[in-house]
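What follows is one structure encoded as structure tokens, with my remarks underneath.
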Amino acid sequence: MKNNNISSSLIPHPSSLILVTGGAGYIGSHTLIELDKAGFDFIVLDNLSNSSEKAIRRVEKIINKKIPFVKGDIRDKKLLREIFKENKIDSVIHFAGLKAVGESVEKPLEYYENNVCGTNNLLEVMKEFGVKKFVFSSSATVYGEPDKMPVTEDMQTGVGITNPYGRSKYMIEEILKDLFISDNSWKIAILRYFNPVGAHESGMIGEDPEGIPNNLMPFITQVAVGKLPKLRVFGGDYPTHDGTGVRDYIHVMDLANAHVKALEYLNNNNDLNEPLIVNLGTGQGYSVLDMVKAFERASGVKIPYEIVDRRPGDIAKIYANPNKAKELLGWEAKRGIDEMCESAWNWQSKNPKGYKGE
């Protein structure tokens with residue numbers, strides 16, 4: 001183990017690797033670029049259920065470096081043990097998980113099996129190998145339907161969560177808190193974030209979901225390139241300024257950077273008396289129709305849409321107070337709504353069929 005008083009962003013440790021689970025996915029692939037920029041070395045584990053190995057290959061071109069990649073599942077304990085046995089893993093950034101709110105309502109058992117049981121498996125193997133640094137990519141859904149805005153980290157979680165996806169994230173957070181209580185030599189960061197959008201400035205990687213997108217921005221961009229006929233807006237009768245749901249959208253590169261900052265925080269602080277829990281967001285809520293108008297401005301493309309029924313599990317409004325992340329991590333979102341939309345359009349217009357068009 002390296003000396004945790006020394007930031008690994010300052011001194012590279014090629015013999016020590018960060019295991020990035022779900023690293024071929026949307027947020028994971030962008031985080032690899034930020035990890036490389038900060039001087040970290042890493043290995044990626046991904047089952048490619050909602051991602052593409054092509055994302056890894058493109059990140060290799062961006063950072064001009066070969067990325068060790070293992071195709072596999074966090075539920076496969078034998079495989080996890082092999083990875084830890086063959087590599088000097090120093091810490092884990094954990095993205096792997098199913099993430100569609102609506103789908104989780106239809107398939108709760110899959111979500112609990114994959115997200116909760118998979119994470120438990122991963123933590124057990126980490127414990128076996130004495131690897132105790134863990135950055136967890138959580139979600140603002142753990143707050144349920146908060147009664148006041150913006151959301152702060154000390155607000156209640158676990159109550160009023162409207163979908164199994166959010167409950168799975170809440171359960172994992174509780175497991176991590178209990179794990180720390182049982183053994184405070186663990187260093188744990190829990191990052192609660194809102195709606196990641198946008199893409200790397202190169203346009204080489206971006207959000208490329210399987211089938212009809214569950215998230216707003218890829219739905220908009222796929223309509224813009226003619227892949228889908230029109231945007232479906234789920235619910236037009238919410239108690240918001242235009243009746244559509246309000247969220248705290250965050251540029252994926254800002255989010256990626258926050259994961260690196262959290263890892264550096266764990267490296268630089270030896271006496272943590274609890275898991276680090278921070279919100280990541282801009283602190284500004286935008287509605288679905290706000291985002292549509294911003295995208296039309298950025299792309300010059302008109303987006304046809306229809307208002308349809310609310311989606312099960314969705315809430316009216318949620319956005320963050322990100323002050324704690326600024327105070328503890330020195331992090332804040334740098335990119336605004338226009339840059340989010342411009343970069344998303346840059347990715348989709350260059351890759352109208354996503355990675356499959358290669």
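Note that these values count all heavy atoms, side chains included, but never hydrogens, waters or copies made by symmetry. Sequence positions, counted from 1, serve as the residue numbers for this chain.
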- Worked verdict on Lys78 versus Glu82 for salt bridge (Lys or Arg N to Asp or Glu O under 4.0 Å): CA-CA 6 Å; Lys78 183 168 174 279; Glu82 280 171 21; 3.5 Å; yes
- Message: Is there a continuous path of hydrophobic side-chain contacts, each under 4.5 Å between heavy atoms, that joins Met171 to Tyr143?
- Response: no
- Query: For the side chain of Gln348 and the backbone of Asn351, is there at least one donor-acceptor N/O pair under 3.5 Å apart?
  - Reply: yes
- Query: Do any N or O atoms from the side chain of Thr162 and from the backbone of Gly313 form a donor-acceptor pair under 3.5 angstrom?
  - Reply: yes
- Which is it for Glu124 and Lys127 under the salt bridge (Lys or Arg N to Asp or Glu O under 4.0 Å) test, yes or no, and what are the steps along the way? CA-CA 5 Å; Glu124 282 178 346; Lys127 186 181 174 185; over 6 Å; no
- Query: Between the side chain of Trp331 and the main-chain N/O of Val260, is any donor-acceptor distance below 3.5 Å?
  - Reply: no
- Message: For the residue pair Asp290 / Tyr249, report whether a side-chain donor-acceptor contact shorter than 3.5 Å exists.
- Response: no
- Message: For Lys350, is the NZ atom crowded, meaning more than 12 foreign heavy atoms sit under 6.0 Å from it?
- Response: yes
- Query: Step by step, would you call Trp345 with Val301 a side chain to side chain contact (heavy atoms under 4.5 Å, CB included)?
  - Reply: CA-CA 10 Å; Trp345 177 234; Val301 179; 3.9 Å; yes
- Query: Side chain of Glu34, backbone of Met253: donor and acceptor closer than 3.5 Å?
  - Reply: no
- Message: Give me the atom names and distance for the closest heavy-atom approach of Thr119 to Ile74.
- Response: N-CD1, 3.9 Å
- Query: More than 12 non-hydrogen atoms from neighbouring residues, nucleotides or ligands closer than 6.0 Å to CG on Asp178, yes or no?
  - Reply: yes
- Query: How long is the gap from CD1 on Ile62 to CD1 on Ile205, to the nearest 0.5 Å?
  - Reply: 4.5 Å
- Task: Any chance you could measure Arg167, atom CZ, to Ile161, atom CD1, to the nearest 0.5 Å?
- Result: 6.5 Å
- Verdict with reasoning, Leu191 to Ser137, per side chain to side chain contact (heavy atoms under 4.5 Å, CB included): CA-CA 5 Å; Leu191 308 183; Ser137 208; 5.8 Å; no
- Query: Between Asp248 (side chain) and Gly283 (backbone), is there a donor-acceptor pair under 3.5 Å?
  - Reply: yes
- Only one of Lys324, Lys326, Lys261 passes salt bridge (charged side-chain N to carboxylate O under 4.0 Å, His left out) with Glu332; say which it is. Lys326
- Does the Tyr111 side chain pair with the main chain of Ala100, one donor and one acceptor, at a distance under 3.5 Å? yes
- Any side-chain donor paired with an acceptor under 3.5 Å for Arg58 and Tyr355? no
- Check the pair Val197 / Leu216 against side chain to side chain contact (heavy atoms under 4.5 Å, CB included), numbers first and verdict last. CA-CA 9 Å; Val197 295; Leu216 175 65; over 6 Å; no
- Value for CG (Leu176) from CD (Glu274), rounded to nearest 0.5 Å, stands at 13.5 Å
- Would you sort out whether Asp36 and Val59 count as a side chain to side chain contact (heavy atoms under 4.5 Å, CB included), showing the intermediate values? CA-CA 10 Å; Asp36 178 70; Val59 172; over 6 Å; no
- Verdict with reasoning, Arg57 to Glu60, per salt bridge (Lys or Arg N to Asp or Glu O under 4.0 Å): CA-CA 5 Å; Arg57 302 298 156 237; Glu60 288 179 336; 2.9 Å; yes
- Query: Are any side-chain N or O atoms of Asn47 and backbone N or O atoms of Ser49, one a donor and one an acceptor, separated by less than 3.5 Å?
  - Reply: yes
- Parallel, tilted or perpendicular: which fits the ring planes of Tyr26 and His30, with parallel below 30° and perpendicular above 60°? perpendicular
- Message: With no hydrogens and no angle check, just 3.5 Å: does a side-chain donor-acceptor pair link Lys187 and Asn270?
- Response: yes
- Criterion side-chain hydrogen bond (donor to acceptor under 3.5 Å, both in side chains) against Ser168, the qualifying member of Asn114, Asn163, Asn115: Asn115
- Message: Count I, L, V, M, F, W, Y as connected when their side-chain heavy atoms are under 4.5 Å apart, and connections chain through other members. Are Leu276 and Val135 then in the same cluster?
- Response: yes
- Using a distance-only test with no angle check, is there a side-chain donor-acceptor pair under 3.5 angstrom linking Glu103 and Asn214? no
- Item | Lys/Arg cation over aromatic Phe219: Arg232, 6.0 Å, 45° cone | no
- Message: Around atom NZ of Lys356, are there more than 12 heavy atoms from other residues, nucleotides or ligands closer than 6.0 Å?
- Response: yes
- At what distance, to the nearest 0.5 angstrom, does CD1 of Ile172 lie from CD1 of Ile190? 10.0 Å
- Item | Donor-acceptor pair, side chain of Asn195 and main chain of Arg247, under 3.5 angstrom | no
- Message: Is a donor from one side chain sitting under 3.5 angstrom from an acceptor on the other, for Lys132 and Ser185?
- Response: yes
- Report yes or no: does Thr21 contribute a side-chain atom to a donor-acceptor pair with the main-chain N or O of Ala96 at less than 3.5 Å? yes
- Message: Tell me whether the rings of His259 and Tyr193 are parallel (<30°), tilted (30 to 60°) or perpendicular (>60°).
- Response: perpendicular
